[in-house]
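Let me begin by presenting the structure, written as structure tokens, before commenting on it.
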Amino acid sequence: MMEGVAVRVGLLGLLLAYVTSAPTNVNRDWDIYSFHINSTVTSRYATTVITSRVANRIDQSQEIEFHVRIPKNAFISKFRMTIEGKTYDGVVKQKEEAQQQYTQAVSRGQSAGIVSSVGRTLEEFKTSVTVAALSKVTFELTYEELLKRRLGKYELLIHARPMQAVADFKIDVYINEHPGINILEIKGGLSTKELANAISKTQTSTEAWVHFYPSKEQQSQCDSCGEEGLNGDLVIVYDVHRKKSIGDLKKSDGYFVHHFAPSDLPRIPKNVVFVIDRSGSMSGRKIEQTREALLKILEDLAEDDHFGLITFDSSVSPWKKELLPANQKNLEAAKIFVQNIRDRGATDINAAVLRGTDMLNRHLREGTASLLILLTDGDPTTGETNLETIHKNIKEAINKKFPLYCLGFGMDVNFEFLEKMALENNGVGRRIYEDSDAALQLQGFYEEVATPLLTDVQMVYLGGANLTQTNFSQYYNGSEIVVAGQITDNNIEEFTAEVIAISKSNKVTYSETIPTEKPITARSDSNLQRLWAYLTVKQLLDKEVQLSGNEKETVKKEILDLCLKYGFVTPLTSMVVTKPQGEESQVAHKPKEGETPTGTFPGHRLYNIPAYPSISGQPGIPGVYGVLGPMGGPHFQVQAIGVPQGSRRAGRIRSNVARGDKQIRGQYLLQEDFLLDANLPTRSIQIKPPKDIQQLLDGNLPTHSTKMTTTTVSPLIRFLLPAEGQALPLCYDIPVGLSLRLLKDPNNDFSMNGHLEKSDDAGYQKIVIHYRSDQHIDFDTTGITFNNGQNATYFPWSLNINIEKDSVSLILRDKEMDITTGSTRVIIMLYERDGNVFLWPVLRERPKGDNITGIMARPPVVYEEVQGTTIKLKIQDKEVDVSRASTVDLSVRSAPTVTCWLTPLQSALQGELADFTVSQL
Ligand SMILES: *[C@@H]1O[C@H](CO)[C@@H](O)[C@H](O)[C@H]1NC(C)=O
Ligand SMILES: *[C@@H]1O[C@H](CO)[C@@H](O)[C@H](O)[C@H]1NC(C)=O
Ligand SMILES: *[C@@H]1O[C@H](CO)[C@@H](O)[C@H](O)[C@H]1NC(C)=O
Ligand SMILES: *[C@@H]1O[C@H](CO)[C@@H](O)[C@H](O)[C@H]1NC(C)=O
Ligand SMILES: *[C@@H]1O[C@H](CO)[C@@H](O)[C@H](O)[C@H]1NC(C)=O
Ligand SMILES: *[C@@H]1O[C@H](CO)[C@@H](O)[C@H](O)[C@H]1NC(C)=O
């Protein structure tokens, strides 16, 4: 059935089903009795070790899992399992080499890939091993990262999610910063009131210790925690003192690192041009969030900044032909322009960026810093569409005169293309995640580059070798320049660092000399070497992206050598996780930014699995859950915890796939009777592929969980509305708890009202038919009561009766009551489905006359499908957005599941909900 749907919409197949159940686990047969995270930070280089000790509690051997999340920016550098006194160390190998083992494992149907990307900041590492009866295993994972200074702070993020409450749970953080620790704050989801007394913090001028030791009870009681124990982040935010402008120079064991982040300089006025995509795919929330962010950014411009705005689709429309000063008048005019940005057309990135470059090139002012910022959510689809040609054009036009920052909005952008374009032009590529805070992400990015303090920064080291990047086109307040290198031991006595740069109006130079034989720190610190290696590898990876041919191979070789030496798992290396004999080795690959799962299902490609965040906290707004395609590919399983059992709720998974500028939306139903509705009072949603697919792809397909608030939405009941001359009927949703006017025929003194009970997900609990001024028939789930003014007569549903009286004919048979009066014929059916008992009315003959009202009064609708990028119907001359959905057709006993166009109630009924409610049955 789903395949039919997918083919029809021409969309990649998407099939979701949900299972209502509480989280599995808890009575697991194994116990994590100890879980420690130990993070040590020196010179902003963080090394974190996660150690998990697990006991097999049953009398037979079983597979035990290790499952943790680490920051994307980090490199895994060690993994070890210890079982029965024997250790098994992961081995880092060249990716291709490891890949072979991987492929073999896959072809044998074994689990293989074990690292996958989750959300914006984390990667998931997942493996398992068979442990003998009543035996124990220790897992130990080490990862390393250089903390990046952003908006004046470093952030060490530690994600804790052991998957159960653990008796011995600890997070220990030790920070040692030679220049002195300035601020130190603890944030993140785990820094809550309930857990406050589990956190302790001690500090001297250069050292800090943070301990987080929650009790087992606390682990399941805090906000973000549940039966599965802790689930959240601990974020240590800090900065260091900078007594000297030249910053912090540190050397040890033949290596040095220089942290340079002056803040006591005047800001340099900037020339900034924003190039904004307004192509069709930006429609809806994206364009709204972009407008919102731009308005805020405009407010933050300083008066001596000059700015330009360019919007583009297939054509390029600058706000003004050139840059204008950011004075009040111009800003007001620009805001009006921004407010009127609307989505349309295709995407001509080439022409738009060239236009922006040209504007800046014509406006290069002495003593200013120029920046070009591109925001797009799609691939180039019109004008020049050859990616290489675009890269070449832009690089030539910019010619290193200013940086280009490329912001890719959503998961459908070709991020590699954008990143490469940015890197080639001294900028960075950044992804903006399609989520409720997208406007804040955009503003946050802007803030990072809002205050240029220096341009043309050159870092020079006399006596240094194998240096990381030393030339930087701009330096912004709140950021930091880090250079590391080796110190040549050619008997030079001094090591000199010099910074030459251009400040607002003059050239500035800082320098510092340190004797080579006397180390700056007393303690030897082998971390500096690893820091150097980390930074070198990161920068070489960026460089590699920009190169081709032999040069690329040379750089790859360089990266590979370093990674193998230092044991880093990077895009070019993988770790082979060795296991006890008889078990398959696994291979840990580092996923690329935004990478979709790499596994393939015969004949299918996978798209954007991680991109389903927008449902979070926002019930009612369908999110993107992931698409497997094409045409009814493998199925996903959706676990919606908190949805009442036996719900017959139709599915409302909205798929939103943009390819280029073509955006296809739809709502997909997934499996009969087991559908997920974003409107349900769902507590959390888990999406995972079914077992067979999981085996093929293994850990590459992330299981995604997201929590939703419980109270804000009431359950809905879906109604069908037949359509004339079209294959699919319409459907619409009405919240439960209301009394509705079903049918009112004033001409014949007939009316019928029904009550949708507050319990979820069935039909009516009560229906009342009024006929002649004083008579009514009351239906509930036990029986039928006739009231004729004074007397009441009751029949249970199980009876068969046949009454003809006072121009009303009543036939009760097989739990269906057939009522005919005048030209009206109604059937009330009693249903018992999925443990729910409810009533459902069906109109067999419509009363004649004009002023018939009520939700059942509406004759079959007439609509047309509107061709376009989104699914629209034209109903009563108005276009409305609809989506494909399904519901159960209760008008026939067999209650088949039917597909329908889910339409806003207002359009379906041509009125407001209030027009159809009654205060009394
Ligand atoms: C954390 O790791 C460091 C470095 O390996 C070690 O010196 C320290 O003792 C560890 N701390 C704890 C609490 O295990
Ligand atoms: C740079 O940042 C520092 C610290 O946040 C602040 O005190 C200083 O005023 C900023 N400089 C400029 C030019 O904005
Ligand atoms: C850094 O910039 C200076 C001056 O523009 C130049 O001479 C030098 O070659 C550059 N260094 C690198 C590594 O690009
Ligand atoms: C720089 O790195 C290369 C390759 O890793 C190495 O052979 C060389 O000795 C290094 N230079 C210095 C001065 O240490
Ligand atoms: C029914 O509609 C007619 C005109 O459309 C109106 O005159 C009449 O009053 C209505 N009857 C009732 C009971 O509302
Ligand atoms: C009510 O019931 C009584 C006794 O069964 C009967 O005599 C009377 O006619 C009934 N009244 C009406 C209005 O049906």
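Note that these values count all heavy atoms, side chains included, but never hydrogens, waters or copies made by symmetry. In listed order, ligands and their atoms are each counted from 1.
Taking the six-membered ring where the residue is Trp, Tyr461 and His258 present perpendicular rings, their angle passing 60° and hence far from 30°.
Lys296 pairs with exactly one of Leu294, Asp300, Leu298 by the side chain to side chain contact (heavy atoms under 4.5 Å, CB included) rule, that one being Asp300.
The salt bridge (charged side-chain N to carboxylate O under 4.0 Å, His left out) contacts involving residues 173-184 comprise Arg44-Glu177, where partners must be two or more places apart or lie in separate chains. For residues 233-243, every residue pair satisfying the salt bridge (charged side-chain N to carboxylate O under 4.0 Å, His left out) rule, not counting sequence neighbours, is listed here: Arg149-Asp239, Asp239-Arg242, Arg242-Glu480.
Using a 4.0 Å cut-off to heavy atoms of Asn471, the atoms of ligand 3 that qualify are 1 (C), 2 (O), 3 (C), 8 (C), 10 (C), 11 (N), 12 (C), 14 (O). Atom numbering of ligand 1 starts at 1 in the shown order; those under 4.0 Å from a heavy atom of Asn38 are 1 (C), 2 (O), 3 (C), 8 (C), 10 (C), 11 (N), 12 (C), 14 (O).
Phe169 meets the ring pair (Phe, Tyr, Trp, His ring centres under 6.0 Å) test with Phe35; sequence neighbours excluded.
Taking the six-membered ring where the residue is Trp, the centroids of Phe260 and Tyr510 are separated by under 6.0 Å. The aromatic ring centroids of Phe125 and Phe79 lie less than 6.0 Å from each other.
Protein residues with any heavy atom under 4.0 Å from ligand 2: Ser263, Leu265, Arg267, Thr451, Leu453, Asn477.
Between Asp172 and ligand 1, not a single N/O pair is under 3.5 Å apart.
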